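Since we're looking at a predicted model, the values are computed, not measured. All ligand and atom numbering here is 1-based and tracks the order in the structure. Heavy-atom basis, side chains included; hydrogens, waters and symmetry copies ignored.
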Amino acid sequence: MRRPQPRNALAMMKGYHSPQLDVEVRLNTNESPFAPPEEFTRAFGEAMAGASWHRYPDRLAKDLRTRIASKHNVEPKQVFVANGSNEIIQTLLLTYGGGGRSAAVFQPTYAMHAQICRVSGTAIASGERSSNFAIDVDEVLRVADHHSPKVFFLCSPNNPTGVADPPEVVAKVLAIAQESGGLLCVDEAYGEFNSSSALGMLDEEVGLAVARTFSKAWAMAAARLGYLIGPSWLVAELYKAALPYHLSTASQIAGLLALDHTEAMQMRVEEVVKERERLQGELAKLDVEVWPSSANFVLFRTNTISGEQVWQQLLDRSVLVRNCASWPRLDGCLRVTVGTPQENDRFLESLSEVLT
Ligand SMILES: *Cc1c(COP(=O)(O)O)cnc(C)c1O
């Protein structure tokens, strides 16, 4: 039989994935090293036992959106919730991207922005970050003039570099996006680990949306839950593109109960930030190049042995980090997620062994 072929854009894709290997120290996907509080897990089990399994979930997730809205001092109609921030990005591109339209990304950055462009038939308007991986406003202007993208993506703090965009830079990019009739989406998947946020720039009259997730700081990657905050007109459009009942009752309950434990989340974030600073300090003593991070991971490049070899030799010691070689301009770079103090020690010991 002649197999039907997928669309050209998909046929050429390798797919985006980090290997899920069985190791003792897993520091490759920026998850939280800590489980959520036990009270959360218990409350979730109880709530699920009483859930109406035979009924569809609340299609508009009103309770969850109301709670998220009050956390950020906005209206529920300014909040869109979905299965991870990846579904947020997908819905945004299904709504504002698609055939004949483009979205701007600034490399190196989170690979899923470009990947979801391809899947949604959105052209990629690709720009470059400057040599220290900061956003270069002139380059944003060039991309805007050349492609008039309908969506501009910033990722702050940026994955996989850890670099955060200062508020004045975000404001400039927003002005450029507005000027060229596009909207700006700031992906703040690591926003809780950073001291600044674009949330303060939100306005009903401005095409700005901020995406956040429960997968990192909230220690709930398994729940697949993320949210977007933006103008209510934008959120209303997203709900036209989203599938009916896309967010399960379990996800909605998980989000609601997680928000009862904001303080525990904040304590975990502080612990991770402390360990991140230690990790950066220790890495700086080794023969590697390290980038300053505002997230829960650190990017580094080894000077003597190839990144590929270091990655493999860490894996031989049951320590898994992310090989960033497939990213543009990150040849030889590795990204390590901040783990527990013990995991970070294991990583640091293994790395110094590999490097000597
Ligand atoms: C991890 C990550 C996400 C989160 O994806 P989820 O679908 O919410 O798990 C989004 N954006 C960036 C930049 C990330 O690194």
Side-chain angles (χ1 to χ4, degrees), residues 15-18 20 26-33 36 61 64 68 79-94 103-117 119-120 129 133 135 151-165 170 184-194 197-199 209-229 238 242 246-248 250-252 254-255 258 265 269 272 276 291 293-299 321-324 326-328 330 333 335-338:
Y16 172 83
H17 52 84
S18 188
Q20 286 192 310
R26 199 162 102 185
L27 303 175
N28 67 328
T29 45
N30 300 343
E31 294 149 323
S32 167
L64 179 55
I68 293 172
V79 181
F80 177 71
V81 283
N83 294 282
S85 40
N86 284 327
E87 195 193 15
I88 303 277
I89 296 159
Q90 185 184 55
T91 311
L92 196 72
L93 286 173
L94 288 173
V105 297
F106 298 93
Q107 301 286 5
T109 190
Y110 186 47
M112 285 305 293
H113 296 156
Q115 160 96 351
I116 300 173
C117 281
V119 173
S120 64
R129 285 165 183 266
F133 301 136
I135 289 290
V151 181
F152 291 69
F153 283 108
L154 286 184
C155 186
S156 182
N158 186 36
N159 183 4
T161 60
V163 174
D165 305 319
V170 178
L184 170 62
C185 175
V186 184
D187 186 338
E188 292 191 354
Y190 305 97
E192 292 86 352
F193 302 102
N194 186 22
S197 166
L199 284 168
V210 177
R212 293 217 161 179
T213 178
F214 282 84
S215 296
K216 313 284 163 56
W218 287 92
M220 280 171 48
R224 309 303 304 121
L225 188 60
Y227 60 93
L228 170 146
I229 304 186
L238 297 185
H246 66 135
L247 196 65
S248 78
S251 302
Q252 296 188 32
M265 181 278 283
V269 165
V272 166
R276 174 187 79 203
W291 281 268
S293 169
S294 302
N296 68 340
F297 54 82
V298 180
L299 183 77
V321 300
R322 187 67 188 264
N323 184 355
C324 297
S326 63
W327 263 277
L330 295 187
C333 288
R335 186 195 70 195
V336 59
T337 305
V338 178

K.L.:
Hey, is the main chain of L64 close enough, under 3.5 Å, to the side chain of Q252 for a donor-acceptor pair?
P.N.:
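Looks like no, no N/O pair under 3.5 Å.
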
K.L.:
At a heavy-atom distance under 4.0 Å, which protein residues reach ligand 1? Sort them by chain and number, would you?
P.N.:
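For ligand 1, the residues that come within the 4.0 Å heavy-atom cutoff are G84, S85, N86, Y110, C155, N159, D187, A189, Y190, T213, S215, K216, R224.
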
K.L.:
Would a 4.5 Å heavy-atom cut-off, applied to side chains only, mark F193 and N296 as touching?
P.N.:
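F193 reaches N296 side chain to side chain.
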
K.L.:
Over 60° means perpendicular and under 30° means parallel, so classify the ring planes of F297 and Y190, tilted if in between.
P.N.:
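Geometry flag for F297 against Y190: perpendicular rings.
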
K.L.:
How many angstroms lie between CZ in R129 and CZ in F106, if you round to the nearest 0.5 Å?
P.N.:
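Reported value, rounded in 0.5 Å steps: 8.5 Å.
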
K.L.:
Decide, yes or no, whether a salt bridge links R212 with E192 under the criterion of side-chain N to carboxylate O below 4.0 Å.
P.N.:
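Here R212 pairs with E192 in a salt bridge, since their nearest N and O are under 4.0 Å apart.
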
K.L.:
Does the side chain of R335 come under 3.5 Å of the side chain of N159 through a donor N or O and an acceptor N or O?
P.N.:
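Judged by distance alone, the side chains do pair up.
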
